[in-house]
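A short worksheet on the structure shown next.
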Amino acid sequence: MSWAGKLLRVNLTSGTCVSESINMQWAKEYLGSRGLASKYLVEELDPKVDPLSTENKMIWATGPLTGTMASTGGRYTVVTKGPLTGAIACSNSGGYWGAELKMAGWDMVIVEGKSPKPVYLYIENDKAELIDASDLWGKTVWETEPAIKTKHQDPQIRVSCIGRAGENEVLYAAIVNDLHRAAGRSGVGAVMGSKNLKAVAVRGTKGVGNIKNPKAFMEATRAGKAVLAGNGVTGEGLPTYGTQVLMNVINEVGALPTRNHQDVQFDGAKDISAEAMATPRASDGKAHLVTNQACFACTIACGRISKIDDTHFSIENKPQYMNASGGLEYEAAWALGAANGVNDLEALQFANMLCNEDGFDPISFGATVGAVMEMYEMGVLTKEQLGIEAPFGSAKALCYFAEITANGVGFGKELGLGSARLTKKYGQPDLSMSVKGQEFPAYDGRVIQGIGLAYATSNRGACHLRGYTIASEVLGIPVKTEPADTQGKPELVKAFQDATAAFDSAGICIFTSFAWTLADVAPQLQAACGDEFTVENLTTIGERIWNMERDFNNRAGFTSKDDKLPKRLMTEAAKTGPGKGTVSGLDKMLPEYYKIRGWDPEGRPSAETLKRLGL
Amino acid sequence: MQKSLHINADKCTSCLQCEMACSYEHYGVFNTSKSRIKVFEFHDTGKKVPYTCTQCAEAWCLQACPVDAISLDILTGAKVVSDDTCVGCKVCTISCPFGTINYVQDTGKVQKCDLCGGDPACATACPTQAITYVDADWTGLDKMREWADRLGNQSSSN
């Protein structure tokens with residue numbers, strides 16, 4: 001049946017670890033990972049709790065395909081109430097940790113309460129215990145993981161942990177596993193820090209053996225892999241160039257938000273693109289990019305491993321950053337680069353390494369720096385306040401800010417608030433490029449209408465991974481729609497949102513959906529789980545998850561007023577590119593979106609909709 | 001004709017499909033800890049290296065075994081451990097210069113690559129051809145060809 005059938009409930013206040021059976025009815029209705037963990041969270045958590053209080057809960061969850069040979073079957077999610085947004089947070093990560101948890105015999109770990117002192121959770125198959133982490137508190141991700149492996153004399157342990165950003169409750173702190181894969185967004189790392197939980201370390205040697213129909217499963221997964229290998233994006237573009245293949249593409253369509261969304265094209269895009277990463281440097285004749293890397297079970301391998309130029313100012317006298325490490329991916333390259341007008345590739349990778357090393361989200365961090373640079377140029381913030389001159393384009397300021405954010409030194413404490421709180425504090429709330437407090441990713445929501453609607457309605461605040469309509473509006477997958485059109489976009493956004501929730505909940509990577517539809521996923525799930533899965537019932541599962549998340553947010557206090565884009569996207573037209581002159585048509589799309597979702601004009605799922613979805 | 005597993009580490013992405021295929025073939029579960037081929041990651045350099053038994057012609061493990069639990073599969077050239085005979089003394093793990101025969105606590109026996117009887121699951125599963133199963137006499141020829149290309153096809157302006 002492919003679920004392990006067990007969850008581990010950890011109470012940090014009382015220090016207990018208890019095994020429970022998974023509610024299999026819920027597993028069938030919500031699949032696993034994002035869906036199933038969210039179901040547990042909404043059933044157990046008062047939506048009004050303070051995200052950083054003892055009452056909040058956190059769930060690490062795998063899906064039915066996690067830990068199997070299904071391509072990309074290595075994903076896990078962290079679900080909690082997010083401190084950046086106050087909405088339900090669900091951050092998804094790859095690497096190897098998720099598969100290790102599943103191989104230890106667990107579908108999920110639910111963490112409650114707050115430990116009186118720093119601890120880490122150590123899981124070795126059926127055994128689970130909380131271990132004193134006083135000696136790890138104050139350490140980075142890159143120090144914590146090896147320290148735990150050394151302590152247990154086991155290099156095969158996988159670690160999901162926070163760095164200093166999570167400890168210091170940076171509101172966009174990430175949880176990092178395998179040194180550079182992250183459950184990155186919405187501040188899930190800060191929740192972990194607030195609970196005095198440093199790490200979840202796992203060793204699983206039991207494996208995943210309860211595949212319902214092994215022969216059919218091997219056939220279905222093999223067929224799925226052949227589809228990925230034969231597809232131009234998943235078989236060629238992503239392995240060769242990584243997600244960074246998008247930098248020049250998105251710049252050309254005039255949707256690369258630049259200098260805090262003042263512009264939609266960046267003249268330095270080519271300097272920070274995939275092509276630039278692969279070109280030998282003038283200084284040492286070596287390319288920035290060293291190699292690509294897959295996550296567990298992934299046959300795409302989009303991950304980038306790079307090495308900074310030894311002579312670059314950012315790593316002078318810092319030999320620990322002279323080795324190869326993860327990055328740059330497109331979102332990070334955009335947020336640290338174009339969003340701030342910085343075109344220094346080496347500086348971007350340095351800032352990105354710090355995000356991994358100390359566990360914070362490069363998207364929200366980079367976008368927050370963008371807002372700070374704009375306020376600096378306006379004279380709202382000064383060199384004295386910031387500790388450095390910070391005009392757009394300053395690689396030095398970017399690197400400096402990255403170094404002071406996790407430990408909250410000087411202005412770093414304020415950077416850790418995120419752009420919404422920071423701009424409000426200095427009287428410039430319209431300069432926060434965010435929805436529900438979470439910063440935009442790397443596509444301009446006024447030029448590409450569908451993604452603007454997807455940002456406005458995303459259940460975890462602005463996010464490209466909740467409904468990646470860029471696939472259709474730019475890349476033509478599965479069909480090409482025009483970026484400028486608002487018509488048809490509510491339907492497009494809903495379709496992407498629902499399908500994505502199903503992909504996420506299966507335990508696989510959303511990047512498969514460049515090549516797969518749910519018709520490719522269904523036979524893999526069916527063979528693994530034994531239940532009947534079709535495109536139709538998976539779509540319904542996705543829609544059920546979407547509405548459940550929405551309902552939680554509504555009960556947390558969100559209304560239709562929160563489904564909005566910043567004034568800049570509604571009133572300041574794009575200055576250049578194919579979308580020149582356009583602003584967001586959100587006002588036209590949102591009522592239609594509510595209607596096709598079966599929600600009332602206030603954005604609340606109607607009784608009929610809830611009933612239809614079994615909520 | 002005998003065939004060999006041939007590993008090109010430059011092509012490995014560390015997806016671990018090979019480890020899952022191996023454990024599934026031999027134990028019926030996806031369990032990387034039970035795999036007889038291991039991918040080693042060297043984070044600081046970005047290198048990923050799949051490693052397993054190369055089936056030495058004169059096999060130290062086979063010679064060292066005090067109970068003759070390791071035998072030659074004449075068809076494939078694999079040195080195969082007989083679980084019925086192995087007493088778990090681990091002498092073979094000491095004698096192997098490459099560390100590719102290993103003790104398994106769960107079974108009390110050692111395990112090593114047996115080439116899956118001539119159709120290695122790891123090579124089939126590898127998505128990047130980092131692991132291939134080729135004519136044993138040809139294991140180095142791809143590399144020779146690559147170097148021949150570099151040396152012979154460069155511009156001869158001088």
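Throughout, a chain's letter reflects where its sequence line sits, starting with A, and its residues are numbered from 1. Because the structure is predicted, anything quoted here is derived from the model rather than measured.
For the pair Arg203(A)/Ser33(B), a side-chain contact is recorded, criterion being any heavy-atom separation below 4.5 Å from C-beta on.
For the 3.5 Å distance criterion, the side chains of Tyr96(A) and Ser14(B) qualify, holding a donor opposite an acceptor. Checking Thr291(A) against Lys47(B) by side-chain atom types alone, no donor-acceptor pair falls below 3.5 Å.
For a residue to count as touching a neighbouring chain, one of its non-hydrogen atoms must lie under 4.5 Å from one of that chain's; by this rule Lys307(A) does not touch chain B. Contacts of Phe42(B) with chain A are absent, with no heavy-atom separation under 4.5 Å from either backbone or side chain. Using a 4.5 Å cut-off between heavy atoms, Glu19(B) does not touch chain A at all. In this structure, chain A has heavy atoms under 4.5 Å from both the backbone and the side chain of Thr32(B). Heavy atoms of Val290(A) lying under 4.5 Å from chain B belong exclusively to its side chain. Contacts between Met69(A) and chain B at a heavy-atom distance below 4.5 Å involve backbone atoms as well as side-chain atoms. Heavy atoms of Leu179(A) lying under 4.5 Å from chain B belong exclusively to its side chain. Using a 4.5 Å cut-off between heavy atoms, Ile211(A) touches chain B through its side chain atoms alone.
Lys48(B) places a side-chain N or O within donor-acceptor distance of the main-chain N or O of Asn292(A), the cut-off being under 3.5 Å. A donor-acceptor pair under 3.5 Å is formed between the side chain of Gln17(B) and the backbone N or O of Ala297(A).
Once rounded to the nearest 0.5 Å, the distance linking SG of Cys298(A) with CG of Leu16(B) reads 11.0 Å. Remark: Phe30(B) CZ to Asn210(A) CG distance equals 10.5 Å, nearest 0.5 Å. With values rounded to the nearest 0.5 angstrom, Ile305(A) atom CD1 is found 10.0 Å from Thr45(B) atom OG1. How far CE of Met103(A) is from CE of Met20(B): 6.0 Å, rounded to the nearest 0.5 Å.
For residues 318-329 of chain A, heavy-atom neighbours of chain B at less than 4.5 Å comprise Asn323(A), Ala324(A), Ser325(A), sorted by residue number.
The residue among Thr299(A), Thr72(A), Leu228(A), Asp178(A) with the most heavy atom pairs within less than 4.5 Å of chain B is Thr299(A). Most heavy-atom pairs under 4.5 Å with chain A, from the set Thr13(B), Val29(B), Thr124(B): that is Thr13(B). Taking chain A as the reference chain and counting heavy-atom pairs below 4.5 Å, the highest number among Cys15(B), Ser23(B), Ala125(B) is found for Cys15(B). Contact tally against chain A (heavy-atom pairs below 4.5 Å) for Cys126(B), Ala21(B), Cys12(B): the top residue is Ala21(B).
For Tyr241(A), the OH atom counts as loosely surrounded, since its 6.0 Å shell holds 12 or fewer non-hydrogen atoms of other residues, nucleotides or ligands. Shown here is Lys212(A), whose NZ atom has no more than 12 heavy atoms of other residues, nucleotides or ligands within 6.0 Å. Within a 6.0 Å sphere centred on CD1 of Ile74(B), heavy atoms belonging to other residues, nucleotides or ligands number 12 at most.
Of all non-hydrogen atoms in Asn31(B) and Gly204(A), the two that sit nearest each other are OD1-O, 4.5 Å.
Relative ring orientation between His43(B) and Trp142(A) is described as perpendicular, the plane-to-plane angle rising above 60° on a 0-90° scale split at 30° and 60°.
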